[in-house]
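Proteins get letters first, then strands, A, B, ... in listed order; numbering begins at 1 in each. Just so it is clear, the model here is predicted, and its values are computed rather than measured.
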Amino acid sequence: MLPHLHPLPRSFYLRSTLTVAKDLLGKLLVRKIGPKLLVGKIVEVEAYLGRRDPASHAYRGKTKRNEVMFWEGGHLYVYFTYGMHFCANVVTGREGIGEAVLLRAVEPLAGLEIMKRNRGLRPNANVYDLTNGPAKLCEAFDIGRTENGSDLLSDSVMIAQNRGGEREVVVATTRIGIRLGTEHRWRFHLKNNPWVSRR
DNA sequence: TAGTTGATCGTCT
DNA sequence: GACGATCAACTAA
């Protein structure tokens with residue numbers, strides 16, 4: 001059913017952040033928790049360009065919180081916000097750069113029942129509410145503090161090529177939930193995908 | 001449908 | 001001490 005879940009190579013992440021952000025659309029977010037397998041197609045992301053981007057956590061340089069953003073590309077930066085939510089980012093570029101791509105929404109493909117349970121939703125809940133937001137997808141995929149700094153080429157969290165996924169139309173808009181940096185259209189999503197947040 | 005608000009706490013000023 | 005890369009519940013119209 002889901003053959004060849006093989007992680008993308010390190011070189012995928014060692015390119016410009018905007019390029020990686022667009023290329024992440026359509027790829028598979030894969031989470032393995034013991035025997036349980038969760039898979040979602042990435043449908044919405046935002047790029048955060050480090051020291052040159054006032055909206056980025058890395059704008060003022062490295063801190064204890066954002067340290068992982070400055071690691072080599074292909075790691076997962078997970079942060080805690082609003083006192084209750086986690087959000088997950090894909091670190092891009094070479095070590096010391098401090099750039100990342102926020103995963104904002106995925107289309108659930110496998111492990112829907114587990115995601116519903118992780119989200120605390122009833123079995124008959126609307127599937128569109130499962131993973132249509134950055135904090136929602138983290139809850140659904142059970143991504144939290146423990147996953148901060150995970151290598152995306154490892155097994156527990158990986159991003160894999162979506163085989164047979166044909167080319168889709170990408171839409172660029174301004175980023176959501178920020179005060180500075182609103183002039184840039186660094187949010188990318190797949191056109192008309194029902195899991196994209198704020199349609 | 002649009003706009004407002006409360007929840008809740010780690011991080012940085 | 002203020003606020004945030006959010007979400008859900010609420011109000012008004």
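To the nearest angstrom, C1' of B:dT11 lies 14 Å from CG of A:Asn148.
Here the side chains of A:Glu67 and A:Tyr77 are not in contact, with every heavy-atom distance at 4.5 Å or above. Side-chain atoms of A:Ser156 and A:Ile33, non-hydrogen and from C-beta on, never get closer than 4.5 Å to each other.
Applying the 5.5 angstrom centroid cut-off and the 30 degree plane-angle cut-off, the aromatic ring of A:Tyr82 is not stacked upon the base of B:dA7.
A:Arg187 comes within 4.0 angstrom of no nucleic acid atom, judged by non-hydrogen atoms across all strands. A:Arg60 comes within 4.0 angstrom of the backbone, heavy atoms only, and of no base. Here A:Ala55 lies in heavy-atom contact (under 4.0 Å) with a base. At a threshold of 4.0 angstrom between heavy atoms, the contacts of A:Ile178 are confined to the sugar-phosphate backbone, with no base atom among them.
In this structure B:dT8 sits in no base pair that meets the Watson-Crick or G-U test at under 3.5 Å.
Counting only distance, with no hydrogens or angles, the side chain of A:Asn89 and the backbone of A:Val91 share no donor-acceptor pair below 3.5 Å.
The nearest heavy atom of DNA chain B to A:Met84 and to A:Phe80 marks one nucleotide each, and the one closer to the 5' end goes with A:Met84.
In this structure, A:His57 has its ring center under 6.0 Å from that of A:Tyr79.
Of the listed nucleotides (C:dA5, B:dG10, C:dC7), B:dG10 has the atom at the smallest distance from the side chain of A:Arg145. The nucleotide whose nearest atom lies closest to any side-chain atom of A:Pro134 is, among B:dC12, C:dA5, C:dC7, C:dC7.
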